[in-house]
Amino acid sequence: MSEVQSPGSTVLGYPRIGPRRELKRAVERYWSGASSAEELQSVAAALRRDTWAELAGSGLDSVPSNTFSFYDQVLDVARVVGAVPERFTALGLTPLDEMFAMARGHDGVPALELTKFFDTNYHYLVPELGPGSRFALADRKPLDEFTEALAQGVLTRPTIIGPATFLLLAKPAPGAPAGFVPLDLLEPLLDVYVQVLAELAAAGAEWVQLDEPAFVADRSPAEIDALGRAYRRLGEPADRPRILVASYFGDLGPALPVLAGTPVEALALDLVAGRADTAAAVPALRDKTVLAGVVEGRNVWRTDLDAALATAATLLGTAGRVEIATSCSLLHVPYDLDAEPALAPDLRARLAFARQKVREVVLLSRALHQGRDAVAGEFAETGGAAVPAQRDERVRARLDALGAGHYRRGSAERRVSAQRAHLGLPPLPTTTIGSFPQTGAIRADRAAHRAGRLDDAEYVERMRAEIARVVRLQEDIGLDVLVHGEPERNDMVQYFAEHLAGFATTDLGWVQSYGSRCVRPPILHGDVSRPEPITVGWSTYAQSLTAKPVKAMLTGPVTILAWSFVRTDQPLGETARQVGLALRDEVRDLEAAGLRIIQVDEPALRELLPLRAADRPAYVDWAVDAFRLVTGGVADSTQVHTHLCYSEFAEVVGAIDGLDADVTTVEAARSKMEVLAQIGPGVPRGLGPGVYDVHSPQVPDVAEIEALLHTAQHWVGPERLWVNPDCGLKTRGEEETVAALRNLVSAATAARRS
C-alpha cells in the first residue's frame with residue numbers, strides 16, 4: 001500500500017463573525033447607510049487576515065479559506081456559479097448590494113427563501129433553479145480569497161459547498177415544470193466546478209475541500225449515482241488540485257463506497273455523529289486519506305482525548321493515511337473559552353470553544369503520528385473525561401411519578417367551544433408572534449441591570465413603561481390578541497436559561513444563525529428545574545392594561561435543547577422531559593394568574609428531526625411528549641398556541657398534529673404559502689400562516705397580504721385561519737413594523753368582509 005498525499009490535521013471551517021461580532025456590526029452599519037462599502041470590505045478583510053494568521057500559527061497542517069461570508073455560504077456558491085434569479089440582476093445593483101438583495105429583498109423584490117441547514121440552527125438561502133438556468137463562473141470569491149491569503153503568506157485549502165449538495169439544497173424556481181428537480185442540472189454545473197478547480201490549481205492551490213453533507217441523509221439510488229458521476233468528472237482533469245470531499249452531521253452510509261470509488265484523494269468523516277466502523281467495509285479507502293472527525297464541531301464539551309484517539313486509530317488499518325480533524329466546521333461554536341472568566345471553574349474545566357478545539361486537533365494529531373507517550377503530559381493537562389452533570393433527585397422523582405394524565409388535554413372539539421365562548425374573537429383573528437422591536441435604550445437598560453448599574457425597582461419600572469407603550473400601540477393598530485412585546489428578553493432561549501437551574505450562560509459566546517443574526521446558546525450542564533416564576537409578572541401586568549386578551553409566550557423544550565449546548569451524558573429525550581416539567585410549572589402559574597392564551601414556541605421541531613428516517617419515530621415520540629407535558633392539564637378554555645418557523649414541514653406534520661395545540665403559527669410569507677400544501681390539511685385546528693416576512697426590511701402592502709390570505713383560505717377554512725407575521729419582530733425597526741402591522745389588520749378586515 002503506497003502512501004497517499006495528505007492535507008494533514010485541520011479544521012473543516014471556522015467562525016467568521018469576529019470574536020466580538022465585528023462583522024455583524026459592520027454589516028448593519030452598511031445596511032443603515034452609516035458606513036460605505038469600502039469600510040465594510042475593510043472589516044471583512046481584517047477578519048479574514050486574523051483568522052488565517054491564527055490558524056496558520058496554531059500548529060494545524062492545513063488551513064481552510066473561503067469559509068468567510070457576508071451572509072451565507074450557500075448563497076455565495078449560487079453567486080459563484082451564476083445562479084442569480086433575473087429579478088435580482090434586473091435591479092442593476094453593485095455585486096455587494098445584489099447579494100444582500102437576494103438575502104433580504106429590495107424595493108418590493110422578494111428575497112430567496114430562508115431555511116435551516118440540515119439539523120442545525122444555522123440558516124441558508126435556498127437557490128432557485130429551473131430548466132433554463134445557465135451556469136457560468138460569475139463571482140471569483142474562492143479564487144480571490146485564496147490569493148488574498150497567499151499574499152499574506154498562508155497557503156490555504158479553499159472550501160466550497162459541493163455540486164451535488166448545492167443542487168439538493170436548491171428548489172425549483174417559480175414556473176419550473178412539474179417533474180423538474182435541480183439535480184437535473186448537474187452536468188452543466190460541473191463545467192463551472194471544473195473551471196474553478198483549474199483556476200485554483202493555476203493559482204497555486206494544492207487542495208480544495210468540497211462539502212457534501214447532503215449524503216448523510218437518506219438519498220435515492222439516483223442521487224447517490226449522481227454523486228459518483230460528479231466526482232468521477234471532477235477527478236478526471238490533470239490540471240486540478242487534490243480534492244478533499246467532506247461530509248458531516250452523520251454517516252455517509254451507501255454514499256461512502258461510491259465516493260471512495262472516485263478519483264478524489266481524501267474524505268473527511270464525522271466520527272462524532274457517525275461511526276468509524278462503517279469505513280472498515282470499504283476497501284477503496286486504502287488508497288485515500290481519511291480525515292477522522294473526532295473533535296466535536298457542534299458542541300462545547302472538551303474532547304475525551306483518549307477516546308478520540310482510539311476512534312481515529314481504528315481507521316489505521318482501513319485508510320491509506322489517517323489525519324485528525326473536527327467533525328464539521330467550527331462555525332457552530334463560539335470563538336474562545338478564555339473570554340468567559342465568569343463561568344464556574346468546574347464547568348469551564350469541561351468546555352472547549354473553537355480555539356480550544358483547534359488545540360485539541362493539533363494535540364491528537366501529534367499523538368496519532370508520534371505516539372501517545374510523546375504527548376502524555378499534554379493529554380493529562382488537556383484531556384477531558386465524560387461530562388459530569390449536576391443531579392437533582394427531586395426533579396427525577398417528579399418525572400418518575402408522572403402518569404399518562406399529565407400529557408393529556410380535553411378533546412379538541414370541547415376546547416374550541418369553550419375558547420370561543422371565553423375569548424370572543426372575530427373570524428381571522430390578528431396577532432403577532434411575541435416580540436416587538438427592541439430599541440438601543442431597551443438593550444442598554446438590560447445591560448445596565450445585568451451589570452448592577454440599574455437596580456431592580458428602576459429596571460422593572462422601565463420595562464413596564466415599554467410594555468405599556470407596546471400594548472397601547474397594538475390597540476391603536478387594531479390587533480385582536482396582544483402581547484407584552486418581550487422587552488426584558490435578550491433571546492428566546494437564553495432568557496429562559498438564565499432563570500432555570502441546570503443552565504449557564506456566556507458573555508461572548510456568540511454563534512452566527514444567519515446573516516447578521518447571532519445568538520449565545522446557553523450551556524445545559526445539569527438537571528433542570530424552575531426555582532421561581534419567570535414570565536408571569538410581565539404577562540399579568542400587560543393583561544392588566546387592556547380588555548383584549550394578552551398572549552403569554554414561552555419557548556418550548558425542544559427548541560431550548562436545539563438552541564443550547566446540551567449535556568451528552570443522558571438521552572436528549574430525558575433532558576427534554578426535565579425542561580418540559582419546569583415549563584409546565586410556568587404554564588400552570590400563568591393560567592392561575594388569569595392568562596387564557598399561552599404560546600409555547602417550537603420553531604426547532606423540524607430542525608432536530610434526525611437526518612435518517614429510521615431514527616425519526618423515536619425523536620417524534622419524545623419531542624411530542626415533552627411539549628404535551630408542558631401544556632397537559634390546562635383548562636379547556638385556555639387556548640394553547642405554538643409557533644414554528646423556517647422549516648420544511650412535510651416530514652413533521654404528524655408531530656405538529658401530535659402537539660395538540662389549539663393554534664399553530666408557521667412561516668409562510670417568503671414561500672408564498674407553499675408550506676400549506678404540506679401542513680394545511682394535516683392540522684385540524686387553528687392555523688396562522690405568516691403573511692409578513694420579518695426577516696426582510698420590505699413592508700408588505702395590503703394587496704400583497706390580501707393575496708396571501710386568499711391563497712391561505714384555499715387550504716385553511718376561515719373558521720381556522722389566523723392572521724400573523726412569520727416570526728417575532730425583535731430585529732425589525734419600529735416604523736416598518738407599525739406600517740406592516742397596520743397593513744396586516746387592514747387586509748384581515750377586508751378578508752372578513754369577503
Side-chain angles (χ1 to χ4, degrees), residues 15-48 50-51 67-76 79 88 91 93-107 109-112 114 121-125 331 334-335 435-447 485-487 489-492 494 507-521 645-646 670 692-699 725-740:
R16 59 191 181 216
I17 56 175
R20 283 168 171 72
R21 296 181 296 162
E22 291 86 349
L23 182 63
K24 169 190 171 67
R25 295 189 177 93
V27 166
E28 291 178 351
R29 283 198 302 271
Y30 177 70
W31 288 344
S32 70
S35 69
S36 66
E38 291 74 20
E39 290 170 317
L40 174 58
Q41 294 286 6
S42 176
V43 171
L47 289 172
R48 292 193 296 268
D50 292 347
T51 297
T67 59
F68 174 84
S69 179
F70 280 114
Y71 209 96
D72 161 50
Q73 68 260 36
V74 181
L75 174 64
D76 291 345
R79 295 185 56 75
F88 300 111
L91 293 170
L93 302 172
T94 66
L96 181 66
D97 288 339
E98 182 181 84
M99 182 265 292
F100 285 136
M102 294 173 73
R104 308 175 73 233
H106 183 86
D107 284 349
V109 175
L112 295 176
L114 186 71
N121 189 30
Y122 180 80
H123 301 62
Y124 77 96
L125 288 149
L331 171 72
Y335 271 87
S435 61
F436 261 65
Q438 293 198 351
T439 65
I442 293 171
R443 294 188 180 95
D445 286 343
R446 282 204 310 263
E486 305 179 8
R489 302 187 193 184
N490 44 23
D491 174 84
M492 66 182 294
Q494 183 181 353
D507 293 320
L508 293 170
W510 296 103
V511 175
Q512 185 182 31
S513 180
Y514 63 87
S516 68
R517 170 69 171 156
C518 302
V519 295
R520 280 182 293 168
C645 60
Y646 293 92
R670 191 173 282 202
Y692 166 25
D693 175 14
V694 306
H695 296 280
S696 167
Q698 307 303 304
V699 174
D726 274 344
C727 199
L729 302 166
K730 172 182 167 183
T731 60
R732 298 269 52 92
E734 178 96 0
E735 183 178 352
E736 67 190 83
T737 294
V738 172

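- In this structure, Ser513 contributes its side chain and Asn121 its backbone to a donor-acceptor pair below 3.5 Å.
- Without hydrogens or angle criteria, Arg670 side chain to Leu112 main chain gives a donor-acceptor distance under 3.5 Å.
- Side-chain atoms of Ser42 do not come within 3.5 Å of backbone N or O of Glu38 as any donor-acceptor pair.
- Under a 3.5 Å cut-off, the side chain of Tyr514 and the backbone N or O of Asp72 do not form any donor-acceptor pair.
- By the 4.5 Å heavy-atom criterion applied to side chains, Arg104 and Pro697 are counted as neighbours.
- Among residues two or more places apart in sequence or in another chain, the salt bridge (charged side-chain N to carboxylate O under 4.0 Å, His left out) test is passed with Asp491 by Arg517.
- Ring geometry for Phe100 against Tyr30 counts as tilted: the plane angle lies between 30° and 60°, on a 0 to 90° scale.
- Remark: side-chain polar atoms of Gln512 are paired, donor with acceptor, to backbone N or O of Gly515 under 3.5 angstrom.
- Note: Arg732 CZ to Cys727 SG = 11.0 Å, rounded to the nearest 0.5 Å.
- The two atoms that bring Ala111 and Gly105 nearest to each other are CB-N, 3.3 Å, heavy atoms only.
- When every heavy atom of Ala103 is checked against every heavy atom of Leu75, the shortest pair comes out as CB-CD2, 4.2 Å.
- When side chains are defined from C-beta on, Tyr124 does not count as touching Gln73, because their heavy atoms never get closer than 4.5 Å.
- For the pair Ser435 (side chain) and Gly485 (backbone), a donor-acceptor distance under 3.5 Å is absent.
- Phe88 places a side-chain heavy atom less than 4.5 Å from the side chain of Val109.
- Within a 6.0 Å radius of CZ in Arg443, more than 12 heavy atoms belonging to other residues, nucleotides or ligands are found.
- Within the 4.5 Å cutoff, the side chain of Tyr692 has heavy atoms near those of the Thr737 side chain.
- Glu39 places no side-chain N or O within donor-acceptor distance of the main-chain N or O of Ala34, the cut-off being under 3.5 Å.
- Within the 4.5 Å cutoff, the side chain of Val519 has no heavy atoms near those of the Gln494 side chain.
- Rounding to the nearest 0.5 Å places CG of Leu47 at 9.5 Å from CD1 of Ile17.
- Looking only at side-chain heavy atoms (C-beta outward), Val27 and Phe70 come within less than 4.5 Å of each other.
- Between the CZ atom in Arg79 and the CD atom in Glu98 there is a gap of 4.5 Å [rounded to 0.5 Å].
- Nearest heavy-atom pair, Val694 versus Pro725, reported as atom, atom and distance to 0.1 Å: CG1-CB, 3.8 Å.
- Annotation for Pro334 and Val511: closest pair N-CG2, 3.7 Å, computed over non-hydrogen atoms.
- In this structure, Tyr71 and Trp31 have tilted ring planes: the angle between them lies in the 30° to 60° band.
- Judged by distance alone, with hydrogens and angles left aside, the side-chain atoms of Arg21 form no donor-acceptor pair with the main-chain N or O of Ser516 at under 3.5 Å.
- Closest heavy-atom contact between Ile442 and Pro487: CG2-O, 3.4 Å.
- Between Met99 and Leu125, the closest side-chain pair of non-hydrogen atoms is not below 4.5 Å.
- Lys24 has its side chain out of reach of Trp510: every pair of non-hydrogen atoms, C-beta onward, lies at least 4.5 Å apart.
- To the nearest 0.5 angstrom, Leu23 atom CG is 9.5 Å from Glu28 atom CD.
- Remark: Arg29 engages no residue in a salt bridge (charged side-chain N to carboxylate O under 4.0 Å, His left out) (not counting sequence neighbours).
- Screening Thr67, Thr51, Leu331 for a side-chain contact (heavy atoms from CB on, under 4.5 Å) with Arg16, the sole residue that qualifies is Leu331.
- The minimum heavy-atom distance linking Ser69 with Asp76 is given by the pair OG-OD2, 2.8 Å.
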